[in-house]
Amino acid sequence: MIEALPGACLFKDGAGQPLAAANTYLRRCVELIESGRHDKEHLGEEIKAAHFQTERAGKIIAHLRDFIRKGRGDRGEGIPESEIELIFNPFASSTDDGLGLGLTICRSIVKSCGGQIRVFSSLDSGSIFTITFSLDDHA
């Protein structure tokens with residue numbers, strides 16, 4: 001789970017930046033063409049810059065989709081359904097030496113990045129944790 005969190009924050013905060021930059025470059029292209037003050041070389045540079053930024057955003061999105069598709073799980077004993085929500089509570093631990101803060105911290109970070117963390121578990125089969133992020137900035 002932890003390895004997804006930097007990518008998730010990068011997606012929420014960072015993917016918007018290259019898309020906004022691409023929009024700015026393309027808007028400048030339109031302004032230059034409409035004003036008649038464009039030259040082929042300058043226009044080409046603006047278009048190349050916009051293309052670079054959209055590729056950059058695409059790589060961020062592809063990385064996150066790839067991670068989410070892979071998922072993370074185990075083949076442990078599973079978690080009883082009555083305890084699923086409790087595992088995210090502070091100081092809830094199934095071991096004697098655990099602090100019970102790991103999933104609480106993970107959920108907090110994921111929420112701060114606009115996402116959700118869920119667990120699907122089956123007794124004697126294990127658990128799968130999923131992290132999802134909305135493509136909508138208003139989530």
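Residue numbers start at 1 and run along the sequence shown.
Phe129 is connected to Ile84 through a chain of hydrophobic side-chain contacts under 4.5 Å among Ile, Leu, Val, Met, Phe, Trp and Tyr, so both are in one cluster. Taking hydrophobic clusters as Ile, Leu, Val, Met, Phe, Trp and Tyr residues chained together by side-chain heavy-atom distances below 4.5 Å, Ile105 shares a cluster with Phe91. Note: the hydrophobic cluster containing Tyr25 does not contain Leu32 (ILVMFWY, side chain heavy atoms under 4.5 Å, direct or indirect links).
For the atom pair Lys48 NZ and Gln53 CD, the distance stands at 15.0 Å (nearest 0.5 Å). Atom CZ of Arg56 sits about 14.5 Å away from atom NE2 of His51, to the nearest 0.5 Å. For the atom pair Thr130 OG1 and Ile117 CD1, the distance stands at 7.5 Å (nearest 0.5 Å). Atom-to-atom distance recorded for Arg75:CZ and Ser122:OG is 11.5 Å, nearest 0.5 angstrom. To the nearest 0.5 Å, atom CD1 of residue Ile109 and atom NZ of residue Lys111 are 13.0 Å apart.
Here the side chain of Asp39 pairs a donor or acceptor atom with the backbone of His42 at under 3.5 angstrom. Under the 3.5 Å distance criterion, the side-chain polar atoms of Ser93 are left unmatched by any main-chain donor or acceptor of Leu99.
The minimum heavy-atom distance between Phe88 and Thr104, with the atom names listed, is O-OG1, 2.9 Å. Minimum interatomic distance between Arg118 and Thr132 (heavy atoms only, all atoms of both residues): NH1-OG1, 4.5 Å. Between Ser121 and Ser127, the shortest heavy-atom distance links the atoms OG-OG, 2.7 Å. Between Val110 and Gln116, the shortest heavy-atom distance links the atoms CG1-N, 3.5 Å. Across all their heavy atoms, Ile79 and Leu123 have their closest contact at C-CD2, 3.8 Å.
Counting heavy atoms of neighbouring residues, nucleotides and ligands inside a 6.0 Å radius, atom CD of Glu45 exceeds 12 of them.
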Begin from the C-alpha positions of Arg27 and Glu34 and carry the test salt bridge (Lys or Arg N to Asp or Glu O under 4.0 Å) through to its verdict. CA-CA 11 Å; Arg27 190 174 297 151; Glu34 287 177 344; over 6 Å; no
